[in-house]
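Keep in mind the model is a prediction, meaning the values are calculated, not measured. Throughout, a chain's letter reflects where its sequence line sits, starting with A, and its residues are numbered from 1. The figures that follow rest on heavy atoms only: side chains count, while hydrogens, waters and symmetry mates do not.
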Amino acid sequence: MIDPKLLRQSTDEVAANLARRGFEFDAAGYLALDERRKALQVETESLRKERNSSSKAIGKAKAQGEDIEPLLAAVQELGDKLDQNEAELQAVQEELRDIELGLPNLLQADVPDGVGDEDNVEVRCWGEPVEPDFEARDHVALGEALGMLDFECASKMSGSRFAVMRGQLARLQRALIQFMLDVHTGEHGYVETYVPFLVQSQALVGTGQLPKFEADLFKTTTETPFYLIPTAEVPVTNFARDVIFEADELPLRYTAHTPCFRSEAGSYGQDTRGMIRQHQFEKVELVQFVAPGDSERALEELTGHAEVILQRLELPYRVVVLCSGDTGFGAAKTYDIEVWLPGQGKYREISSCSNYEAFQARRMGARRRNPESGKPELIHTLNGSGVAAGRALIAIMENYQQADGSIRVPQALQPYMAGATAIYG
RNA sequence: GGAGAGAUGGCUGAGUGGUCGAAAGCGCUCCCCUGCUAAGGGAGUAAGGGUUAAAAGCCCUUCGAGGGUUCGAAUCCCUCUCUCUCCGCCA
């Protein structure tokens, strides 16, 4: 959520910033509605004040044994007017909030302009894509030939966009997760967490998936609906809901391995082959809570933490900064890490690291006590994949494939694979 | 799943219709005194919002959540949620 004060006072600047995303903000409409809110609120509060003082007077008069009948009559009409005003005010406030919840975050000044992913800007590149001296296969061909990756089997129970893995391939994914968690907790100062995979709507409003992107989520039909988490960002970031941190508690760094569930509405036809885009996948997530002045530096660090994983796995990748049109709803700035996939002959997203600044914090009341003023202020939140396990698995299969269809195990993972150096069919 | 108890400020805990946003204690901050390892005295100490260019001040809201009764609700009524204890059941 954008600071409502900023929305009122610098409406044109806000509108111009949002326009960089291709988002059209009806500034005039918003301001008109806010004017109505202001008038109603001032009036309602003064009515309440009147009622409060009258009630006190009645109490006093009664205590002194005076006749309170005339006082009661005077307050009576006031109550009706107040009820009406309160109802009207509430309606206007809800309307304003709906608008505010639907506005994307302001972009940082250094986010490049652009419309789609073709306009993202490469920031750096690591490793050299190696051309094998045989025809590179993609992970589907490799996995199926090994007898360890089975989409048909998955479709029997769950339909499309699910996978079944068996044997050493299933174990390799587990090894990856274990490895990533060990690096982040042991070397990058993250606290490992275990969190619910089902959350209620207010948690998703807090992180920004709701109310706008309900169609991308799986939802239960229980009386109070639960949503399957689309990312561990949702439960972990909500740790900070309604919390006022002491200044010396920050920064806080949390990591979690969870499955992620996405209905991927509107993605039909894209990546229908293989494990790139699934309804269910495993991910290790990184989340940070930092002081408002520290988030830009924290984003660089967090992105670096995700990069370390790919470096240890010796997977070539590049980092791109997302352009204005491609940056996600709540993010002020996002780096995507794209790993080289020989089977596709291109770089594909394996991690997305974003600085949300106060966008999520404002939605969920995440604050810290400012050490100078002693007053609460909104913190900044960040998160990034560190990294997506399913896609990392694909990257390993395709980058470590041998001419005979076997797959070498990256050195960093061998300790997690009982010393195995390769996977054979 | 069954039975009971509870939810108040950073914490403990009082408060059953009227100056209660809330006693007291603890904690914390500042000041004073004292002087030596600890003690004494005083003051202050919730959050959100409105008004303001901003601040001060003033005002509104909030005692688990939502609704109701009332001129007036932490206090009365209804619904829900959560926590604790016991029983049952389970991983």
Side-chain angles (χ1 to χ4, degrees), chain A residues 1-14 30-31 33-101 194-203 205-206 220 222-227 235 238-250 292 358 360-379:
Chain A
M1 210 158 94
I2 298 173
D3 184 357
K5 217 168 233 176
L6 196 69
L7 229 40
R8 274 175 242 156
Q9 291 171 355
S10 313
T11 316
D12 293 342
E13 286 89 332
V14 169
Y30 178 82
L31 286 179
L33 193 59
D34 188 61
E35 280 305 315
R36 245 187 89 208
R37 183 228 95 223
K38 193 189 266 194
L40 268 171
Q41 185 163 346
V42 168
E43 194 182 348
T44 305
E45 286 186 2
S46 88
L47 284 171
R48 276 205 278 243
K49 182 188 174 185
E50 223 178 299
R51 185 207 55 199
N52 288 349
S53 59
S54 300
S55 292
K56 271 182 188 168
I58 291 171
K60 241 187 241 176
K62 208 176 167 190
Q64 291 168 3
E66 294 169 16
D67 180 21
I68 59 172
E69 280 308 318
L71 291 169
L72 284 180
V75 173
Q76 190 66 58
E77 310 174 27
L78 210 143
D80 296 343
K81 178 101 175 89
L82 183 56
D83 282 347
Q84 195 187 325
N85 267 50
E86 276 178 341
E88 217 173 312
L89 176 62
Q90 201 190 338
V92 171
Q93 279 175 328
E94 273 167 23
E95 209 176 321
L96 276 173
R97 187 167 167 79
D98 284 347
I99 294 174
E100 287 161 6
L101 285 176
Y194 173 80
V195 296
F197 303 157
L198 295 172
V199 297
Q200 294 182 5
S201 62
Q202 72 273 13
V205 172
T220 68
T222 45
E223 200 180 349
T224 42
F226 288 100
Y227 294 85
N238 273 279
F239 288 2
R241 170 173 296 272
D242 294 324
V243 174
I244 303 177
F245 295 103
E246 292 306 323
D248 60 9
E249 287 180 84
L250 301 180
Q360 296 177 323
R362 181 169 285 110
R363 286 169 167 244
M364 57 192 176
R367 291 154 294 166
R368 70 148 190 171
R369 203 164 287 287
N370 183 291
E372 275 84 50
S373 69
K375 292 289 166 206
E377 64 182 357
L378 295 171
I379 61 165

If I pick the [atom1] atom on [M] and the same atom on [N], what distance separates them, to the nearest angstrom?
{"N": "A55(B)", "M": "G50(B)", "atom1": "C1'", "answer": "15 Å"}
{"N": "G21(B)", "M": "G15(B)", "atom1": "C1'", "answer": "13 Å"}
{"N": "U45(B)", "M": "A24(B)", "atom1": "P", "answer": "13 Å"}
{"N": "A22(B)", "M": "A74(B)", "atom1": "C1'", "answer": "8 Å"}
{"N": "C20(B)", "M": "A46(B)", "atom1": "C1'", "answer": "15 Å"}

| query | Distance from Glu100(A) atom CD to Asp3(A) atom CG, nearest 0.5 Å? | reply |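 Atom-to-atom, Glu100(A):CD and Asp3(A):CG are 9.5 Å apart.
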
| Any side-chain heavy atom of Val243(A) within less than 4.5 Å of one from Met364(A)? |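 Side-chain contact under 4.5 Å: no.
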
| task | Could you please name the option among G72(B), A53(B), A47(B) that lies closest to any side-chain atom of Gln9(A)? | result |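 Closest of the options to the side chain of Gln9(A): A53(B).
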
| task | Could you please name the option among U19(B), G50(B), C71(B) that lies closest to any side-chain atom of Val75(A)? | result |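 Closest of the options to the side chain of Val75(A): C71(B).
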
| request: Considering just the side-chain nitrogens and oxygens of Arg8(A), establish if one lies under 4.0 Å of OP1 or OP2 belonging to G50(B). | output: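 So the side-chain polar atoms of Arg8(A) do come within 4.0 Å of the phosphate oxygens OP1 or OP2 of G50(B), strictly under.
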
| Side-chain N,O (Lys38(A)) to OP1/OP2 (U51(B)) below 4.0 Å |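 The answer is yes; a side-chain N or O of Lys38(A) sits under 4.0 Å from OP1 or OP2.
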
| Ignoring hydrogens and angles, does a donor from either the side chain of Lys62(A) or the base of G18(B) sit under 3.5 Å from an acceptor on the other? |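 Indeed there is one.
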
| query | For RNA chain B, what string of dots and brackets results from 5' to 3' when Watson-Crick and G-U pairs need both distances under 3.5 Å, crossing pairs get [ ], and pairs with another strand get |? | reply | ((((((((.[[[..)..(.....]]]((((((.......))))))((((((.....)))))).[[[[[..)....]]]]])))))))....

Tabulated below should be each protein N or O lying under 3.5 Å from an N or O of nucleotides 56-60 of chain B; please produce it.
from   : atom 1 : to       : atom 2 : distance (Å)
C60(B) : OP1    : Asn52(A) : ND2    : 3.4
C60(B) : O3'    : Arg48(A) : NE     : 3.4
C60(B) : O2'    : Arg48(A) : NE     : 3.0
C60(B) : O2'    : Arg48(A) : NH2    : 3.1

| query | Would a distance-only check, ignoring hydrogens and angles, find a side-chain to backbone donor-acceptor pair under 3.5 Å from Arg369(A) to Ala247(A)? | reply |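 Side chain of Arg369(A) to backbone of Ala247(A): no pair is present.
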
Expected list for residues 36-43 of chain A: side-chain donor-acceptor pairs under 3.5 angstrom, two or more places apart:
from     : atom 1 : to       : atom 2 : distance (Å)
Arg37(A) : NE     : Gln41(A) : OE1    : 3.2
Arg37(A) : NH1    : Asp34(A) : OD1    : 2.5
Arg37(A) : NH1    : Asp34(A) : OD2    : 3.4
Gln41(A) : NE2    : Glu45(A) : OE2    : 3.4
Glu43(A) : OE2    : Lys81(A) : NZ     : 3.2

| Closest nucleotide of RNA chain B for Arg37(A) versus for Ser54(A): which of these residues is on the 5' side? |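 Result of the comparison: Arg37(A).
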
| Among Glu86(A), Glu88(A), Glu94(A), which residue meets the side-chain hydrogen bond (donor to acceptor under 3.5 Å, both in side chains) test with Gln90(A)? |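 Exactly one option meets the side-chain hydrogen bond (donor to acceptor under 3.5 Å, both in side chains) with Gln90(A), and it is Glu94(A).
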
| query | Can you tell me how far P of G49(B) sits from CD of Gln90(A), to the nearest Å? | reply |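 For the pair Gln90(A) CD and G49(B) P, the rounded distance is 18 Å.
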
